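Read through the structure below, which is laid out as structure tokens, and then see the notes.
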Amino acid sequence: MPEPAHGRPARRRLVVDHTRHTRPLQAERRIAELEDELDELRSANAILLSVATYFHRANSHDAPGSPGIPSPDAGDR
């Protein structure tokens, strides 16, 4: 190694892997995106369930608010 002008040996430069530092940030960003997607899916599921419940009650001969799906012979009543 060549000696610098001030008398100390030259230091070796360390190669820094910058991608190592960005991977956790990318992973955190992706996790946040997936959590947002999950929230959207849960909201859509709640909407679909409420629509299905509405149509079930509208097409059912059961009393409003009664639980369960009518049996196949429910149309005979």
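Note that the coordinates shown come from a computational prediction; the quantities given were computed from them, not determined experimentally. Numbers for residues simply follow the sequence, beginning at 1.
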Using the rule that Ile, Leu, Val, Met, Phe, Trp and Tyr join whenever any side-chain heavy atoms are under 4.5 Å apart, tell me whether Ile31 and Leu34 fall into a single cluster.
no
Donor-acceptor pair, distance only, cut-off 3.5 Å: does the side chain of Asn59 make one with the backbone of Phe55?
yes
Partners passing salt bridge (Lys or Arg N to Asp or Glu O under 4.0 Å) against Glu28 (at least two apart in sequence or in another chain):
none
Supply the atom-to-atom distance Glu35 CD to Glu33 CD, rounded to the nearest 0.5 angstrom.
11.0 Å
